[in-house]
Asks: 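Here it is: the structure, laid out below.
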Amino acid sequence: MTPIEDAEIGSVVVVGTGLIGTSIALALRQRDVRVFLSDRDAGAVRLARELGAGEDWTGEQRVDLAVVAVPPQFVAQQLLDLQKRDSARFYTDVASVKALPLAQAAQLGCDLTTYVAGHPLAGRERSGPAAARSDLFLGRPWAYCPTDEASPRAVDAVERLISLCGGNAVRVDATEHDRAVAVVSHAPHVTAAAVAARLAEASETALGLSGQGVRDVTRIAASDPALWTGILEGNALPVAEVLEALVADLSAAASSLRALAGDGAAMGQVTDLLSRGVRGTGRIPGKHGGPARTYAVVQVLIGDRPGELARLVQAAGETGVNIEDIRLEHATGLELGAAELYVQPEAAETLTEGLRERGWQVPS
């Protein structure tokens, strides 16, 4: 292997060929980086290899960078094992929490000069190498948490990795990172699971009336429980604090609803919670990490048939309007649905008229 110079990465070993590890490998392969794959599950390595993610790692090849893609509680031991074998010049990980692996790595005596902890904030509700995508990290935040011991060249190498994968590098303290993801990722996952758990006991009537709203709220609850148990264990206190605040809000809302009994004033706490929810939603960054934008929604009726969505997108493109986002809502029991096209407000009328001229049903 050639020495790493100016943060160039020519070879990488990915230890852990799940969704994130395999997606990193696929992204690097598209940039002509030589990638080696390792996992305790031989079947996962075989599938990742068949997907074009890389080649088997025998443990003898020394690489420029080792990416540890295992659950948080196993990162430090895996890092120590790799460093004992001098497997790479530099090391990083992609676990969802950062303070725990760093503390454990220090306790085990790992070389922290060559290690920079990382976390790409991207994923899917599906897991495993079969769900991997080379574009998973495009434009997505990728946190990295250098310690005071980390060498500048180790930091450069991780920044280069993030760039090769198309991520948006965000340098942050490990403790601050864990508190942040508790708010924006970990507690929302538990909340989604709590809502979805109610559906397990819901009547067939209730399920038959479910729409896009409940799908939006519960989508992430379909993720692997074993994986998320490990994540939550590694960030237990920050997540607990967020959930306790959430419980307080929900309890206040529940008390207000019980006390309602015709007294409109009792709804004040509920209205306040809903209003704060609107303000919080408005603070979520928009595309490419920019300021949040308010888009107009053009709803188009669409048949549930192969090729319909592609035809709609092509027709929208012919109008010259840029589609910022698309969401689909299916009509229960009908081979029909609605596509919601999110566009800049000033473009909504142009898109509406253009689609109608091309034969699409656009409700007023």
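All residue numbers refer to positions in the sequence shown, counting from 1.
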Asks: Using the side chain to side chain donor-acceptor pair (under 3.5 Å) rule, pick out the option among Lys98, Arg179, His186 that qualifies with Asn235.
Replies: His186

Asks: For Gln361, look at atom CD and say whether over 12 heavy atoms of other residues, nucleotides or ligands are found less than 6.0 Å away.
Replies: no

Asks: To the nearest 0.5 Å, how far apart are CG in Leu79 and CG in Leu108?
Replies: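 Between atom CG of Leu79 and atom CG of Leu108 there are 8.5 Å.
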
Asks: Is there side-chain contact between Val343 and Asn322, with at least one heavy-atom pair below 4.5 Å?
Replies: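 SC-SC contact between Val343 and Asn322 ruled out.
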
Asks: Fit a plane to each ring of Trp228 and His189, take the angle between them on a 0 to 90° scale, and name the class: parallel (under 30°), tilted (30 to 60°) or perpendicular (over 60°).
Replies: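 Parallel, since the angle between the ring planes stays under 30°.
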
Asks: Working to the nearest 0.5 Å, report the span between CZ of Arg62 and CZ of Arg89.
Replies: 5.0 Å

Asks: Going through the checks in order, is the side-chain contact (heavy atoms from CB on, under 4.5 Å) test met by Ile323 and Val313?
Replies: CA-CA 8 Å; Ile323 305 301; Val313 172; 6.0 Å; no

Asks: Taking atom CZ of Arg40 as the centre, report whether more than 12 heavy atoms of other residues, nucleotides or ligands fall under 6.0 Å from it.
Replies: no

Asks: Quick check: are there more than 12 heavy atoms from other residues, nucleotides or ligands sitting under 6.0 Å from CD of Glu349?
Replies: no

Asks: Determine the sole option in Asp64, Leu28, Leu161 for which the side chain to side chain contact (heavy atoms under 4.5 Å, CB included) test with Val33 is passed.
Replies: Leu28

Asks: At what distance, to the nearest 0.5 angstrom, does CD of Gln83 lie from CG of Asp81?
Replies: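 So the CD of Gln83 and the CG of Asp81 are separated by 10.0 Å.
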
Asks: Are Trp57 and Val14 close enough, and set up right, to give a side-chain contact (heavy atoms from CB on, under 4.5 Å), and what steps lead you there?
Replies: CA-CA 9 Å; Trp57 187 57; Val14 176; over 6 Å; no

Asks: For Glu50, I'd like to know if atom CD has over 12 heavy atoms of other residues, nucleotides or ligands within 6.0 Å.
Replies: yes

